[in-house]
*Asks:* 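Please see the structure below; I have some questions.
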Amino acid sequence: MAVQKVAIAIHEGVQALDVAGPVDVFAETNGFVADGDGYETVLVGASREPLRASNGMKISADLCFDEATEKFDILLVAGGPGLPDAAPDPELTQWLRGAPARAELYGSICTGAFALGHAGLLDGHKVTTHWQNAQRLAARFPAAEVIFDRIYIRDGKLMTSAGVTAGIDLGLALVAERHGPEVAVAVAKRLVVVAQRQGGQSQFSPYLTAPVDEDSPIARAQAHIMQHVGERHTLQSLAEAVGMSVRNFGRAFAQETGITPHEFVERARVDAARRLLEGSDRPLKAVAFDCGFGSADRMRIVFTGRLGVSPAQYRSSFRKL
């Protein structure tokens with residue numbers, strides 16, 4: 001094997017950890033593989049002048065876009081909090097358009113997916129990004145298939161990852177693919193992270209969002225569910241609680257929220273259970289009963305299906321100290 005050349009595109013307002021995470025993975029890997037089998041990483045930007053990351057840190061590019069015309073094995077664009085709302089950067093967009101021809105593998109960390117989208121590189125692909133921005137990415141680039149609950153996705157030559165620290169997961173996945181899982185595990189241990197996270201990014205995101213109109217009957221129904229999450233709810237009981245017919249309530253709920261009342265009830269139960277698992281020592285049976293699952297087995301089935309982890313695993317990972 002030869003040294004793999006990695007290019008990471010940076011820009012004003014870039015998320016520093018989006019850059020540092022993959023860079024550290026590749027740098028640490030060099031200590032576990034033979035000389036000449038590792039990675040050489042360069043940062044590429046509009047100029048070599050220092051730019052300001054979103055946390056205030058200054059970062060400088062090794063190469064300008066017009067200098068970075070060589071072939072790369074891996075080409076990534078780092079994200080930044082402002083990218084989902086920012087207008088396309090002409091220089092960055094133009095450079096990224098050449099990625100499929102210039103790199104064996106190209107992709108993004110976190111909201112860098114928006115930069116790829118502006119360059120037309122997401123169309124027809126399965127992609128992901130930070131859970132907070134996934135819906136916006138799907139709306140802005142409808143020709144892409146946005147998968148909301150993945151830490152990273154490989155679709156042919158394109159690889160996209162979820163939020164911030166998921167750039168480390170992406171880097172470790174690439175290391176495992178090239179050098180085997182033993183090397184990836186060794187690097188993960190060196191960085192004090194897990195080599196492969198259990199579950200998807202749903203376990204980091206709240207399921208419930210506030211309704212558009214907080215005074216609407218649907219908002220009142222949502223509040224009723226969350227205040228009585230441990231109770232049994234039916235379409236009829238919820239409609240009666242807000243003074244609507246069953247038919248009108250079901251239709252209005254779906255129109256305003258995009259999901260069915262049953263789906264909302266289950267999401268409310270999951271979020272309530274997550275809070276108890278994070279902040280209390282209550283036994284799993286008690287948490288399941290308090291949140292309306294009925295049994296610990298039922299809660300485990302729902303958690304595993306929705307979050308990719310069991311309630312016990314979730315508590316172990318997210319318990320507040």
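In this text the structure is predicted, and so the values were computed from the model without any measurement.
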*Asks:* Can you see which heavy atom on M57 is nearest to which on A16, and at what distance?
*Replies:* SD-CB, 4.2 Å
*Asks:* Calculate, to the nearest 0.5 Å, the distance between atoms CG and CG belonging to L83 and L116 respectively.
*Replies:* 10.0 Å
*Asks:* Return the OG1 to OH distance between T160 and Y152, rounded to the nearest 0.5 Å.
*Replies:* 11.5 Å
*Asks:* Is the shortest heavy-atom distance from the side chain of H262 to the side chain of V265 under 4.5 Å?
*Replies:* no
*Asks:* Roughly how far apart are L17 CG and D24 CG, rounded to 0.5 Å?
*Replies:* 9.0 Å
*Asks:* Quick check for you: to the nearest 0.5 Å, what is the distance between D281 atom CG and R315 atom CZ?
*Replies:* 6.5 Å
*Asks:* Determine whether P100 and L121 make a side-chain contact, defined as any pair of heavy atoms from C-beta on separated by less than 4.5 Å.
*Replies:* yes
*Asks:* Would you check if the side chain of H125 reaches a backbone N or O of V127 as a donor-acceptor pair within less than 3.5 Å?
*Replies:* no
*Asks:* Ignoring hydrogens and geometry, is there a side-chain-to-backbone donor-acceptor pair from S316 to A312 under 3.5 Å?
*Replies:* no
*Asks:* Quick check: F141 with H118 (ring centres under 6.0 Å apart)?
*Replies:* yes
*Asks:* In terms of hydrophobic clustering (I, L, V, M, F, W, Y; side-chain heavy atoms under 4.5 Å; direct or indirect links), are I259 and V242 co-clustered?
*Replies:* yes
*Asks:* Under 4.5 Å between any side-chain heavy atoms of Q222 and F253, yes or no?
*Replies:* yes
*Asks:* One thing to verify: whether E240 and R220 come together as a salt bridge, which I'm taking to mean a side-chain N less than 4.0 angstrom from a carboxylate O.
*Replies:* no
*Asks:* Does the side chain of Q94 come within less than 4.5 Å of D89's, by heavy atoms?
*Replies:* no
*Asks:* Would you sort out whether L76 and I109 count as a side chain to side chain contact (heavy atoms under 4.5 Å, CB included), showing the intermediate values?
*Replies:* CA-CA 7 Å; L76 302 170; I109 301 110; 3.9 Å; yes
*Asks:* Could you pull out all residues at least two apart from F72 that satisfy ring-ring contact (aromatic ring centres under 6.0 Å, His included)?
*Replies:* none
*Asks:* Given side chains that start at C-beta, do those of F303 and S310 come closer than 4.5 Å, heavy atoms only?
*Replies:* no
*Asks:* In Å, rounded to the nearest 0.5 Å, how long is the span from CD1 of I8 to CG of D18?
*Replies:* 9.5 Å
*Asks:* Return yes if some donor-acceptor pair links the side-chain N/O of K157 with the main-chain N/O of A103 below 3.5 Å, else return no.
*Replies:* yes
*Asks:* Quick one: closest heavy-atom pair of V146 and A134, and the distance?
*Replies:* CG1-O, 3.7 Å
*Asks:* Any side-chain to backbone donor/acceptor pair from W95 onto A46? Under 3.5 Å, distance only.
*Replies:* no
*Asks:* Identify the heavy atoms of S108 and L170 that sit nearest to each other, and give their distance.
*Replies:* O-CD1, 3.8 Å
*Asks:* Decide yes or no for L191 and E28: does some side-chain heavy atom of the first lie under 4.5 Å from some side-chain heavy atom of the second?
*Replies:* yes
*Asks:* For residues L92 and A9, report the shortest heavy-atom separation together with the two atoms involved.
*Replies:* CD1-CB, 3.8 Å
*Asks:* Checking side chain to side chain contact (heavy atoms under 4.5 Å, CB included) for the pair Q4/E104: CA distance, chi angles, key distance, verdict?
*Replies:* CA-CA 10 Å; Q4 284 208 325; E104 293 299 315; over 6 Å; no
*Asks:* Between H233 and H224, does the ring centroid distance fall short of 6.0 Å?
*Replies:* yes
*Asks:* Would you name the heavy atoms of R140 and A86 that are closest together and state the gap between them?
*Replies:* NH2-O, 3.7 Å
*Asks:* Would you say the side chains of N248 and R251 form a donor-acceptor pair under 3.5 Å?
*Replies:* yes
*Asks:* With a sphere of 6.0 Å drawn around CG of D85, does it hold more than 12 non-hydrogen atoms of other residues, nucleotides or ligands?
*Replies:* yes
*Asks:* Determine whether V246 and F249 make a side-chain contact, defined as any pair of heavy atoms from C-beta on separated by less than 4.5 Å.
*Replies:* no
*Asks:* Tell me if the centroids of the rings in H179 and Y39 come within less than 6.0 Å of each other.
*Replies:* yes
*Asks:* Can you give me every donor-acceptor pair (side chain of residues 283-293, partner residue at least two apart or in another chain, under 3.5 Å) with its distance?
*Replies:*
residue	atom	partner	partner atom	Å
D290	OD2	R282	NE	3.0
D290	OD2	R282	NH2	2.8

*Asks:* In the structure I gave you, are the side-chain heavy atoms of D169 and S161 within less than 4.5 Å of one another anywhere?
*Replies:* no
*Asks:* Give the intermediate values and the outcome of salt bridge (Lys or Arg N to Asp or Glu O under 4.0 Å) for residues R269 and E263.
*Replies:* CA-CA 10 Å; R269 297 196 200 288; E263 172 73 7; over 6 Å; no
*Asks:* Quick check on the hydrophobic clustering: are I301 and V229 connected, directly or via other members, by side-chain heavy-atom contacts under 4.5 Å?
*Replies:* no
*Asks:* From E91 CD over to L96 CG, what is the distance, rounded to the nearest 0.5 angstrom?
*Replies:* 12.0 Å
*Asks:* Could you check R136 against F114 for side chain to side chain contact (heavy atoms under 4.5 Å, CB included), going step by step and ending with a plain yes or no?
*Replies:* CA-CA 9 Å; R136 193 177 307 182; F114 285 83; 4.3 Å; yes
*Asks:* Please lay out, stage by stage, how S60 and E49 fare under the test side-chain hydrogen bond (donor to acceptor under 3.5 Å, both in side chains).
*Replies:* CA-CA 6 Å; S60 299; E49 293 296 317; over 6 Å; no
*Asks:* Closest heavy-atom contact between G45 and A61?
*Replies:* N-CB, 3.4 Å
*Asks:* Before you tell me yes or no, could you show the steps for R274 and L307 under side chain to side chain contact (heavy atoms under 4.5 Å, CB included), namely the whole-Å CA-CA distance, both residues' side-chain angles and the distance that decides it to 0.1 Å?
*Replies:* CA-CA 11 Å; R274 293 200 299 188; L307 306 184; 3.8 Å; yes
*Asks:* Mind jotting down which residue pairs meet the salt bridge (Lys or Arg N to Asp or Glu O under 4.0 Å) criterion with at least one end in residues 57-74? Sequence neighbours excluded, please.
*Replies:* K5-E70, R48-E67
*Asks:* Counting N and O atoms only, with roles assigned by atom type, does the side chain of R178 sit under 3.5 Å from a partner on the main chain of D37, one being a donor and the other an acceptor?
*Replies:* yes
